[in-house]
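Here the structure is a predicted model, which is why all the values come from computation and not from measurement. Positions are given from 1 along the sequence. Note that ligands are numbered from 1 as they come in the structure, with each ligand's atoms numbered from 1 the same way. Computed from heavy atoms alone, side chains included, the values below leave out hydrogens, waters and symmetry copies.
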Amino acid sequence: MGKKRKRENRSIHPRNKYSGNPPDFNKLASLYPSFRSYVFYSNNGKPNINWKDFNATRELTRVLLLHDHQITWWIPDGQLCPTVPNRSNYIHWIEDLLSSDIIPNSNGDKNSIKGLDIGTGANCIYPLLGASLLGWSFVGTDVTDVALEWADRNVKNNPQISELIEIRKVDYEKQMIDQDPNDDESYTDISRNTEQTCDENKSYHGAPILVGVVKPSETFDFCMCNPPFFESMEESGLNPNTSCGGTPAEMVCPGGEQAFISRMIQDSAQLKQCFRWYTSMVGKKSSLKSLTSKLREVGVSVVKTTEFVQGQTCRWGIAWSFVPPTKKIISSHVASMNVLTFMLEGIQRQFSAFHVLQSVESFFTASGAACKSNAASFHVDVCSNDTQFRVTVFEQIPGTLLVRGSLKPGENVVPGLLSSIFLQLEDALRKEFCLEKVSTHISN
Ligand SMILES: C[S@@+](CC[C@H](N)C(=O)[O-])C[C@H]1O[C@@H](n2cnc3c(N)ncnc32)[C@H](O)[C@@H]1O
């Protein structure tokens, strides 16, 4: 129990309303009679609810949204019931991305942030939280009638923020008609490009996600998505310890999250800078690697990942952008294929740039290359049979280093060789120095 609490504290975002301040069931029970009926007291006198009871978890979400966010909210039986503290973490992570200087902030007006929530669900949780916590405006999309009807109700029942939220139907039929019936390519050719790295060639054949949903000339600061993670309801194996509901339409899509997010990536490669940040939740850590490779293939400028620990389950977040990174982080000549860069974030306290430099040297020496390191300017010159290059380690902020590899002037290298060496180096350094949680890749 102590262990679990520690884990939750570690993961909750510091700006989350519930960080260090978990929901007070006693107080909520005394204020809301409808919630009181679900609260029971365990032997140690602590109030709790039966997490396996959908009605109890839905009522908790209702009173938390009302009490802490002044949001009037409801969903019909069986629809996916969100947990408010956990969903808030994703919102705050996006807030961090938007305020970071990883990419330049072209939208100078902090007060007019606009996001698109892919698959907003009947619960419409992200637009409701984003609008009430941060004043963001949203387009929330969905495909099912029940989701669209209830998301709309949840918006209309909150006139204080309703102006900020548009619920948009993803019109599958219309998209199919608009498409040239002989032109199957528009949706299949990009998937072919990424199939080599696609998990068992799973591809998405569902409704449009971004292309065809975003209107011409529309731009957004970000998109977010809690995708259908699973390939079947059996796979979802509904958590026996909780009852958060969830219908097949909400939980399942052919190919699962791999296919869904891969389509998001393909769409983003067409829409490019229509969004400053593309983001999605990821249900399985194993999906991250293949998604990250796909992102590299389509030429994104930045990828960031994070971990959301949600009680006993873990989820991950992945974010990417086509906006060129700020000069502050990465010099302009990074665009040349002769320079590769990656960030090491979450470096454990006992390690410094010097340790990383030493490790870079051992990494290349172990593979038979000759190395000459310069501790004063934090670089190692590497000379192998194939090529010569310099690796430099830069301190960014405490706990974050930038590692840059650059070919010696005039040096040519087999295409892809430097990036493949760098992927391995990045992997090795991350394993040695970083807490597992966060990683950032910047590549050209
Ligand atoms: C896991 S639920 C997420 C609901 C809500 N955002 C949340 O976090 O609780 C996934 C949602 O995506 C919707 N969906 C599936 N395919 C979609 C598509 N192509 N475009 C928009 N929404 C889609 C489903 O109907 C469902 O409401």
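- Within the model, atoms OG1 of Thr61 and CD1 of Ile71 stand 11.5 Å from one another, a figure rounded to the nearest 0.5 Å.
- Looking at heavy atoms from C-beta onward, Tyr204 lies out of side-chain contact with Pro254 at the 4.5 angstrom threshold.
- Between Arg153 and Trp73 there is no side-chain heavy-atom pair separated by less than 4.5 Å.
- Expressed to the nearest 0.5 Å, how far CD of Glu432 lies from CD1 of Ile347 amounts to 10.5 Å.
- A salt bridge between Lys156 and Glu163 is absent, with no side-chain N of the basic residue lying under 4.0 Å from a carboxylate O of the acidic one.
- Counting heavy atoms closer than 4.0 Å to ligand 1, residue Asp142 contributes atoms from both its backbone and its side chain.
- Of all atoms in ligand 1, listed by their number and element, those nearer than 4.0 Å to a heavy atom of Asn123 are 5 (C), 7 (C), 9 (O).
- The shortest heavy-atom distance from Cys253 to ligand 1 is not under 4.0 Å.
- An N or O contact shorter than 3.5 Å links Asn226 to ligand 1 by distance.
- Note on ligand 1: Tyr90 sits outside its first shell, no heavy atom being nearer than 4.0 Å.
- For atom 14 (N) of ligand 1, the nearest non-hydrogen atom of the protein is Val143 CG2, 3.7 Å.
- Of all atoms in ligand 1, numbered sequentially from 1 with element shown, those under 4.0 Å from a heavy atom of Tyr204 are 19 (N).
- Ring geometry for Trp51 against Phe25 counts as tilted: the plane angle lies between 30° and 60°, on a 0 to 90° scale.
- If you number the atoms of ligand 1 from 1 as listed, the ones under 4.0 Å from a heavy atom of Gly121 come out as 4 (C), 27 (O).
- A donor-acceptor pair shorter than 3.5 Å can be found between the side chains of Tyr18 and Asp68.
- Looking at Phe138, Tyr90, Trp320, Tyr278 one by one, the single match for ring-ring contact (aromatic ring centres under 6.0 Å, His included) with Phe222 turns out to be Phe138.
- At a 4.0 Å cut-off, not a single heavy atom of Met281 sits close enough to ligand 1 to count as contact.
- Residues passing the side chain to side chain donor-acceptor pair (under 3.5 Å) test with Arg62 are Ser34, Glu59, sequence neighbours excluded.
- Residue-ligand proximity, Tyr126 to ligand 1, at heavy-atom distances under 4.0 Å covers atoms 8 (O).
- Between Asp96 and Arg15 there is a salt bridge, with a side-chain nitrogen of the basic residue lying less than 4.0 Å from a carboxylate oxygen of the acidic one.
- Considering backbone and side-chain atoms together, Pro228 places no N or O closer than 3.5 Å to any N or O of ligand 1.
- Atom 1 (C) of ligand 1 has Glu250 O, 3.0 Å as its closest protein atom, hydrogens excluded (heavy atom only).
- Counting protein heavy atoms only, atom 19 (N) of ligand 1 is closest to Pro208 O, 3.0 Å.
- At under 3.5 Å, not a single nitrogen or oxygen of Ile209, backbone or side chain, sits near a nitrogen or oxygen of ligand 1.
- Using a 4.5 Å heavy-atom cutoff, the side chains of Asp117 and Cys223 are not in contact.
- Looking from atom 11 (C) of ligand 1 to the surrounding protein, the closest heavy atom is Gly119 O, 3.6 Å.
- The protein heavy-atom contact nearest to atom 16 (N) of ligand 1 is Phe260 CE1, 3.5 Å.
- With respect to Arg315 and Glu307, no salt bridge is recorded, no charged nitrogen being found less than 4.0 Å from a carboxylate O.
- For ligand 1, the atoms lying closer than 4.0 Å to a non-hydrogen atom of Ala207 are 19 (N).
- Of the protein's non-hydrogen atoms, the one nearest atom 5 (C) of ligand 1 is Thr120 O, 3.3 Å.
- Regarding atom 9 (O) of ligand 1, its nearest protein heavy-atom neighbour is Arg87 NH2, 2.7 Å.
- For the pair Thr144 and ligand 1, the shortest N or O to N or O distance does not fall below 3.5 Å.
- Heavy-atom contacts of Val170 reach the following atoms of ligand 1: 20 (N), 21 (C) (cutoff under 4.0 Å).
- Side-chain contact between Arg58 and Asp77 is present, with at least one heavy-atom pair separated by less than 4.5 Å.
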